[in-house]
Asks: 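Could you have a look at this structure, given as structure tokens, before my questions?
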Amino acid sequence: MLSEPRSGRLAAWGNALLAGLVSPDDAVLEIVGDDAVHRVEGLPGESAPVGLTLALGRLRTLGVSGLRVALPAPGHPLGLSGPPEFNARALDAEEAVICHGAALGLVPEVYEAGPDGDVHVEVVWHVLPVREAPPADVPSLGEAERELAEALRDATEVLSRLDVAGSGPVAEAAIDAYRARAERGREVLAPGYPPRAVRVLELAQRVGLLVSLAYENGHGGAMSASEMGARAAALRPVERVARRALVAAYNAYVEERERGAR
């Protein structure tokens, strides 16, 4: 959860493009990020994989007016609405994008090649049919913000109680990366998102950072199996809250448009 999910980048910048707030070139540049290339496979009307620019344009012609994010985990189909085939693919990838305005969803498949330090990453987005129904367990921005404030306190308390030190090269690198991102001018969401969504996303990433540090620092001071189990049990609901908040933030653009249309 330290890095922005690919589904988040696709939804955020895809929404900005659909709203006419950014150019296709700028949107694709932001979506691809540090990856080498993204392609879209299974798009209606296309017999072969196509590039993101063509894919986003085709989705618009198919009636897509917005993009939502799903970040499911075992036992928690967060943001999904079915059918089972799509849910299984999304759960395997741990993320997906759901189209608003057309019964389609996109699941990323990541391919890596090359030596350490020079890894070449390609992403294929598989387009699949989805069920048009409310997404599972997605809170409002207000609910997510309140839950995050409590989760941040809980995460800090758990790390302190279990003696999980925020030190060492892994922790320091993670903290440096988080701070560098924050200093780049709040590049966490695309144009068109409300300020509250930016705030919720940043807080969710901060909570996710603390949870990740807890897991990446080995067993910390929890030496016994029971203590390790207690730590995992304490951190699991905190991580769940952070994932719910991430989805709420990325989906805020579509949610606000729906409220405005009522």
Side-chain angles (χ1 to χ4, degrees), residues 1 4-19 27-28 30-31 38-46 50 52 55-110 123-141 143-144 189-190 192-194 197 200-201 204 240 242-262:
M1 197 179 293
E4 190 174 18
R6 290 181 173 88
S7 57
R9 295 203 306 266
L10 176 57
W13 289 94
N15 283 331
L17 176 61
L18 290 170
V28 170
E30 294 289 345
I31 293 168
H38 284 215
R39 298 185 182 89
V40 181
E41 184 176 85
L43 196 63
E46 298 292 340
V50 300
L52 273 178
L56 290 168
R58 179 58 56 83
L59 288 174
R60 188 201 297 270
T61 64
L62 291 170
V64 174
S65 59
L67 300 170
R68 288 188 171 101
V69 168
L71 297 177
H76 189 205
L78 175 62
L80 299 176
S81 57
E85 295 81 3
F86 181 82
N87 286 4
R89 290 285 292 266
L91 181 58
D92 186 58
E94 299 183 341
E95 60 178 315
V97 171
I98 315 295
C99 297
H100 178 67
L104 298 171
L106 298 91
V107 179
E109 186 171 5
V110 180
V123 179
V124 175
W125 292 91
H126 296 278
V127 180
L128 302 164
V130 298
R131 182 180 298 142
E132 293 185 290
D137 199 36
V138 178
S140 68
L141 276 176
E143 292 169 335
L189 277 176
Y193 277 82
V200 167
L201 185 60
R240 184 185 181 104
R243 281 191 303 108
R244 293 180 77 236
L246 285 175
V247 172
Y250 286 122
N251 293 1
Y253 173 85
V254 174
E255 301 303 331
E256 287 218 336
R257 286 199 61 181
E258 285 188 330
R259 282 196 298 271
R262 290 172 190 156

Asks: When rounded to the nearest 0.5 angstrom, what is the spacing between CZ in R89 and CD in E109?
Replies: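 It comes to 6.5 Å.
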Asks: Specify the closest pair of heavy atoms between V107 and A93, including all atoms of both residues, with the distance to one decimal.
Replies: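 Closest heavy-atom pair between V107 and A93: CG1-CB, 3.6 Å.
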Asks: Taking the side chain as C-beta and beyond, is there a heavy-atom pair between P44 and L62 under 4.5 Å?
Replies: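 Result yes, sub-4.5 Å side-chain heavy-atom pair found.
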Asks: List the atom of S81, the atom of P134, and the distance in Å for their closest heavy-atom pair.
Replies: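 What the structure gives for the nearest pair is CB-O, 3.8 Å.
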Asks: Is a side-chain N or O of R244 found less than 3.5 angstrom from the main chain of D137, in a donor-acceptor match?
Replies: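 Between the backbone of D137 and the side chain of R244 there is a qualifying donor-acceptor contact (under 3.5 Å).
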Asks: Can you name the nearest heavy-atom pair linking A19 to Y253, along with the distance?
Replies: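 Smallest interatomic distance, heavy atoms only, reads CB-OH, 3.0 Å.
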Asks: Apply side-chain contact (heavy atoms from CB on, under 4.5 Å) to residues L43 and L59 and explain how you reach the verdict.
Replies: CA-CA 8 Å; L43 196 63; L59 288 174; 3.7 Å; yes
Asks: Is a side-chain donor or acceptor of E95 paired with a backbone partner of R6 at a separation under 3.5 angstrom?
Replies: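 Confirmed, E95 side chain pairs with R6 backbone.
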Asks: Looking at side-chain heavy atoms only, is the closest gap between P5 and L71 below 4.5 Å?
Replies: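 Sidechains of L71 and P5: in contact.
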Asks: So, for S140 and A248, which heavy atoms are closest and what is the spacing to 0.1 Å?
Replies: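 Shortest heavy-atom separation between S140 and A248 comes out as O-CB, 4.3 Å.
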Asks: As an exercise, state the distance from NE2 of H100 to CD of E132, rounded to the nearest 0.5 Å.
Replies: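 Output value for this atom pair is 9.5 Å.
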Asks: Minimum heavy-atom separation for A102 and V64, please, with both atom names.
Replies: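 Residues A102 and V64, closest heavy atoms: CB-CG2, 3.7 Å.
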Asks: Please determine which of V97, N251, V138 meets the side-chain contact (heavy atoms from CB on, under 4.5 Å) test together with R68.
Replies: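 Of all the options given, the one that passes is N251.
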Asks: Using the salt bridge (Lys or Arg N to Asp or Glu O under 4.0 Å) criterion, which residues pair with E46? Sequence neighbours excluded.
Replies: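 By the salt bridge (Lys or Arg N to Asp or Glu O under 4.0 Å) rule, E46 matches R58.
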Asks: Let me confirm one number: the SG-CG distance from C99 to L106, rounded to the nearest 0.5 Å.
Replies: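 Those atoms lie 5.0 Å apart.
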Asks: Measuring only between side-chain heavy atoms, which start at C-beta, is L128 closer than 4.5 Å to E85?
Replies: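 Side chain of L128 against side chain of E85, heavy atoms only: no contact under 4.5 Å found.
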Asks: Quick check against the 3.5 Å criterion: does D92 have a side-chain atom that pairs as donor or acceptor with the backbone of A88?
Replies: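 Checked: no pair found.
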Asks: Please tell me if the side chains of R131 and F86 come closer than 4.5 Å, counting only heavy atoms from C-beta onward.
Replies: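 With C-beta onward as the side chain, the pair stays apart.
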Asks: Just verifying a value: how many Å separate L10 CG and E4 CD, rounded to the nearest 0.5 Å?
Replies: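 Reported value, rounded in 0.5 Å steps: 11.0 Å.
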Asks: How long is the straight-line distance from CG of L141 back to CG of L201, given to the nearest 0.5 Å?
Replies: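 L201 atom CG to L141 atom CG measures 10.0 Å (nearest 0.5 Å).
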Asks: Do V254 and N15 have side chains that get closer than 4.5 Å, going by heavy atoms?
Replies: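 SC-SC contact between V254 and N15 confirmed.
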Asks: Knowing that exactly one of V123, I31, L17 qualifies, which makes a side-chain contact (heavy atoms from CB on, under 4.5 Å) with L52?
Replies: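 Passing option: I31.
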Asks: Could you check if a side-chain atom of V130 sits within less than 4.5 angstrom of a side-chain atom of L80, using non-hydrogen atoms only?
Replies: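 Not touching, per the 4.5 Å side-chain cut-off.
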Asks: If you take all heavy atoms of A144 and V200, which pair is closest and at what distance?
Replies: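 Looking at all heavy atoms of both residues, the closest pair is CB-CG1, 4.1 Å.
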Asks: Evaluate the side-chain proximity of L189 to Y250: yes if any heavy-atom separation is below 4.5 Å, no if none is.
Replies: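 A side-chain contact exists here, since the closest heavy-atom pair is under 4.5 Å.
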